[in-house]
Every structure is written in structure tokens, then in C-alpha cells.
2 protein chains.
Amino acid sequence: MITSTVENYLKRIYLEQQTDPAALVPMGKLAAVMQVVPGTATAMVKTLADSGLLEYEPRGGIRLTPGGEQLALHVLRRHRIIELFLVETLGLDWSEVHEEAETLEHAVSDKVLERMDRLLKHPRFDPHGDPIPPAKGRMPTDTLIPLTSLQPGQRADIARVSDQDPAFLQFIDRSGLTPGTTIQLQAHDPQADAYVLKILPKGRVSLGSTAACKILVREA
Amino acid sequence: MITSTVENYLKRIYLEQQTDPAALVPMGKLAAVMQVVPGTATAMVKTLADSGLLEYEPRGGIRLTPGGEQLALHVLRRHRIIELFLVETLGLDWSEVHEEAETLEHAVSDKVLERMDRLLKHPRFDPHGDPIPPAKGRMPTDTLIPLTSLQPGQRADIARVSDQDPAFLQFIDRSGLTPGTTIQLQAHDPQADAYVLKILPKGRVSLGSTAACKILVREA
DNA sequence: CATTCTTTTTTGAGTAATCAAACAGTTATT
DNA sequence: AATAACTGTTTGATTACTCAAAAAAGAATG
Ligand SMILES: [Mn+2]
Ligand SMILES: [Mn+2]
Ligand SMILES: [Mn+2]
Ligand SMILES: [Mn+2]
């Protein structure tokens with residue numbers, strides 16, 4: 001049975017995998033992101049391995065099988081379409097939809113999901129700029145860079161905000177740094193740990209590296 | 001913890017209660033409608049009684065406490081608003097939304113629910129004509145009668161279809177007997193077990209008593 | 001009123017998911 | 001190499017929900 005617990009594990013494992021596709025995901029990392037004690041993660045991973053959803057090397061780590069990855073992408077598609085639906089159709093704030101989608105992603109049927117997808121005109125990105133896995137076919141790979149990699153003077157479009165914390169997302173919103181915005185890095189002072197951005201057409205904001213590296217941009 | 005299992009039990013008990021508000025709901029009935037073995041119902045009922053959600057008379061039956069009833073109505077409100085939302089906003093067929101809502105009713109937050117309610121302009125009835133419990137305040141009581149109680153010649157408006165079976169609902173749709181339709185009972189032949197209806201402004205259909213008593217009407 | 005049938009409860013067991021804490025294996029440090 | 005620190009696994013228990021089957025209570029019938 002694919003319980004919602006299994007769906008959550010697969011989705012998290014997939015996301016961890018993406019941060020370093022070559023390496024195995026260590027058990028400690030998995031336990032940490034799933035917020036369970038290590039023994040729980042070990043037990044779960046054994047049953048997922050038995051179901052053929054991942055490969056498990058004891059004391060080494062794990063990696064999703066193609067079947068496990070397909071399921072993970074399915075959950076991720078649901079999650080991101082639901083997020084966008086909640087923002088676009090029901091008018092929720094982008095800072096709160098992640099939490100809502102965390103539950104709904106396990107309850108929405110394929111039929112309902114495809115209706116949402118149609119109503120939203122087959123969107124390619126969720127409210128945070130994360131790509132929506134297509135119903136079939138490969139996940140599109142775009143090459144985004146963190147704001148911290150820009151050279152002073154360089155322009156770029158904000159493409160993604162990779163932190164689901166409502167307080168941070170609300171700050172991004174207030175500052176006018178939502179995906180789609182064009183910015184220019186005006187100055188970077190390593191000593192002050194300050195990235196000064198010009199928001200086009202008007203506006204200015206200064207960020208520390210902790211915040212700046214959560215903002216991914218596409219070079220203009 | 002209010003698990004979705006608990007929500008389902010409370011909702012079913014409430015609905016059973018309504019069929020005969022004076023009597024206790026017998027354990028056998030509960031087990032049957034919940035599709036569990038009697039022992040399972042007994043075990044569950046004990047924990048619900050311990051949580052103060054219902055009163056349990058061993059070998060007598062059960063009755064929801066005010067707290068249990070409030071929770072049940074909350075679930076029922078979610079269920080019915082979701083059904084209408086799926087029909088109105090996502091364009092699903094009324095024959096399939098009951099099953100979808102059965103899962104979603106446990107996953108939709110109060111915030112999302114109130115957004116749906118607002119988008120639907122605070123509806124009072126679900127697609128099947130069942131009343132939507134208000135967020136606060138008492139459940140409205142309307143006096144509907146089954147089609148089988150009409151006298152030949154009498155006119156009435158179809159108000160509710162009380163069977164969630166998709167095949168039956170599709171038949172009702174095909175026959176033009178959806179809630180809101182005005183009909184007139186043209187003839188009732190007890191020997192043939194046939195209720196002949198005129199559908200206004202035009203149309204005619206004949207129903208047996210099994211089908212006719214699932215259709216509730218409001219006298220014109 | 002004794003027997004039979006029906007309904008309900010009890011008992012014992014299983015699955016899924018979790019934690020605490022003991023244990024074992026691996027890597028780093030002295 | 002010995003020891004310490006870290007990481008991961010095992011073991012034993014718990015909670016929520018469920019079923020199968022035995023036992024008990026109550027109702028109906030001859
Ligand atoms: Mn989730
Ligand atoms: Mn997102
Ligand atoms: Mn349900
Ligand atoms: Mn309904």
C-alpha cells in the first residue's frame with residue numbers, strides 16, 4: 001500500500017537526491033528531514049527497499065529506483081499544482097500554501113488533479129518558481145544560479161525562492177522579490193555580508209548571504 | 001487525536017441518528033454502515049465514549065454527545081461544500097463527487113474550506129440537495145417528503161436525491177430529475193409498482209417504488 | 001421455561017508507524 | 001594502536017485500527 005507516509009518519504013528522498021545526484025542519501029539526513037529518530041528511518045527504508053522503491057546500502061545510504069522516482073515525481077506534481085491552485089483559484093497567500101499542499105497532496109485524486117491542471121492552463125511552475133513535473137515525460141532542467149553568484153552590475157530575473165518558511169516568503173513578497181521580478185546587483189560587500197539589489201523598474205533592498213542564496217535567478 | 005477514521009465514524013453515526021432521532025444507534029447498524037466487523041465497532045465506540053464524543057450503553061446502542069455532534073456537523077459541512085466545489089469549480093460530474101469528497105473532507109483545512117464557501121457564495125445545499133451545515137448555528141430543518149407520498153395529480157419540486165450510487169445519480173441526470181426540477185405525479189399503480197411522473201415543462205418517466213422513495217420533494 | 005437464534009462483546013493477533021535506548025560499525029583524534 | 005566521536009541499526013514498546021473466532025447476553029420460539 002502506498003500510504004501518505006510512504007509518499008512523504010519518497011518525495012523527501014527525491015528532493016535530497018537532487019542536491020547531489022551522484023551520492024547516496026545518508027540515513028541521518030533522511031531521518032533529519034523527515035523529523036523522525038534514525039531507527040524509524042531505518043525501519044521505513046527497509047520496507048521501501050522491499051517494495052522495490054529504493055536501493056538501500058546498509059551504513060551507506062539510499063537511492064530511489066526508477067519506480068520510486070516516478071512515484072516521487074507524481075507526488076511532487078500534485079504538491080505543486082495544488083499550491084498554484086490554492087493561490088490562483090482560492091486566493092490563498094503563497095506563504096501558506098506549502099503547508100496546505102503537504103496534506104492535500106495525499107488526498108487529491110488524479111482526476112481532480114488533472115482538472116486543476118486544466119483550469120490553470122497546464123502551468124510549468126508553482127508559486128515559488130519550482131518546476132511542476134509533467135504528467136508524463138522527463139522533468140525539465142533549467143540552470144538557475146543563486147543571487148550570491150552574480151557579479152556587481154549584472155542583471156537577472158528572479159526565478160525561484162527555495163525556502164518554504166512563511167515568514168521568509170512574506171518578507172520576499174513585501175520586498176518585491178517574487179519570481180518574475182528583474183533585479184540588478186548593485187554592490188556586494190563581503191565584509192558587511194551585504195548584497196545590495198536594485199529592483200527594476202524601481203526599488204532597492206539589501207540582503208545578507210543567508211537570504212541571498214535562497215533566491216535563485218536566471219541571468220538576463 | 002481526531003483521525004480521519006474518527007471523523008468517518010462520527011459522520012456516519014450522525015447520519016444514522018437522523019433516521020430516527022429518538023432511538024439509540026445499534027452497534028450492528030454502525031458496524032454495517034462502517035463496513036467493519038462488529039468487534040471493531042465496539043472497540044472504536046469505547047474510545048469515542050472515553051473521548052466524550054458519544055454516549056455508549058453496552059448492548060443498547062450509542063448516541064452522539066453535543067460535542068460529538070458538533071464535530072460530525074463540521075465534517076458534514078466540509079464534505080458537502082467540497083462536493084459542490086468539485087461540481088461547480090472543477091466541473092466534475094455530480095455522480096462522482098461523493099467518493100472524492102469522502103477523502104478530501106479529512107484533508108481540507110478550515111481556511112481552504114471557507115475560501116471555497118466564499119467562492120461558491122455561501123451555498124445552502126450540496127449537488128444532491130443535502131443541506132450544508134452552517135459554520136455556526138443550528139442545522140436548518142426542511143420538511144421533505146418522498147415522491148411515493150404524493151397523491152396522483154399533485155405537483156412538487158425535486159429537492160434531494162438520497163442515494164450516492166453513481167449509476168443511480170447518472171440515471172437521475174439522464175431522466176431530468178435533478179434537484180430543482182418541477183414534476184407532477186400523473187399516476188400510481190400499486191399493482192405494477194409504477195409511479196408515472198410528468199416532468200415540467202416537458203418529459204415523462206416511470207419509476208418503481210425503490211427508486212421513487214429515494215427522491216425527496218417539496219410540495220408545490 | 002428450555003432451546004435456539006441473533007446481537008454484541010471479548011480475546012488474541014496482525015499491520016503500519018513511531019520512539020527510546022542499547023548496541024554496533026565507522027571514522028577521526030590523540 | 002587505543003580511544004573517542006559520530007553514524008546507523010537493533011530491540012522492545014506504544015498507539016491506532018483492524019479481523020477472526022470464541023464467549024456472553026438478550027430476544028424469540030416452540
Ligand atoms: Mn505530505
Ligand atoms: Mn512550492
Ligand atoms: Mn471520509
Ligand atoms: Mn452529497
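Proteins come first, then strands; the chains are lettered A, B, ... in the order of their sequence lines, and each starts at number 1. Note that this is a predicted model, so its numbers are computed, not measured. Because only heavy atoms are used, hydrogens play no part in the values below, and waters and symmetry mates are left out as well, while side chains stay in.
Within the 4.0 angstrom heavy-atom criterion, base atoms lie near B:Val37. In this structure, B:Thr5 reaches the sugar-phosphate backbone alone: every heavy-atom distance under 4.0 Å involves primed, P, OP1 or OP2 atoms, never a base. Within the 4.0 angstrom heavy-atom criterion, base atoms lie near B:Gly39. Residue contacts shown for A:Lys29 are absent, as no nucleic acid heavy atom lies under 4.0 Å away.
Taking the side chain of B:Met27 as heavy atoms from C-beta on, and the options C:dT8, D:dT9, D:dT18, the nearest nucleotide is C:dT8. Nearest to the side chain of A:Tyr56, among D:dT9, C:dT8, D:dA20, sits D:dT9. Distance from the side chain of B:Thr3 is smallest to D:dC17 among C:dA17, D:dC17, D:dT9. The side chain of A:Tyr9 approaches C:dT18 more closely than any other nucleotide in the set C:dT18, D:dC17, D:dT10. Here the side chain of B:Pro26 is nearest to one of D:dT9, D:dT10, C:dT8, namely C:dT8.
For the pair A:Leu30 CG and C:dT18 P, the interatomic distance rounds to 11 Å; values are reported in whole Å. Protein atom CG of B:Leu10 is 11 Å distant from nucleotide atom P of D:dC17, rounded to whole Å. Straight-line distance from the CG atom of B:Asp50 to the P atom of D:dC17: 13 Å, rounded to whole Å. To the nearest angstrom, P of D:dC17 lies 10 Å from CE of B:Met1. The separation between A:Lys46 atom NZ and C:dT18 atom P is 16 Å, rounded to whole Å. Regarding A:Leu24, its CG atom lies at a distance of 16 Å from the P atom of D:dT7, rounded to whole Å. The nearest whole Å value for the distance from the CE atom in B:Met44 to the C1' atom in D:dT15 is 12 Å.
Classification of A:Lys111 and B:Glu96 as a salt-bridged pair holds, one side-chain N sitting under 4.0 Å from a carboxylate O. Between B:Arg77 and B:Glu83 no salt bridge is recorded (no basic side-chain N to carboxylate O distance below 4.0 Å).
Here the rule is salt bridge (charged side-chain N to carboxylate O under 4.0 Å, His left out) with B:Glu105, and of B:Lys11, B:Arg80, B:Arg78 only B:Lys11 fits it.
A donor-acceptor contact shorter than 3.5 Å links the side chain of A:Ser162 to the backbone of A:Lys214.
Put simply, the side chain of B:Arg59 and the base of C:dT8 share a donor and an acceptor less than 3.5 Å apart.
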**Report entry** A:His79 vs A:His98, side-chain hydrogen bond (donor to acceptor under 3.5 Å, both in side chains): CA-CA, chis, key distance, verdict
**Finding:** CA-CA 8 Å; A:His79 183 100; A:His98 176 76; 3.0 Å; yes

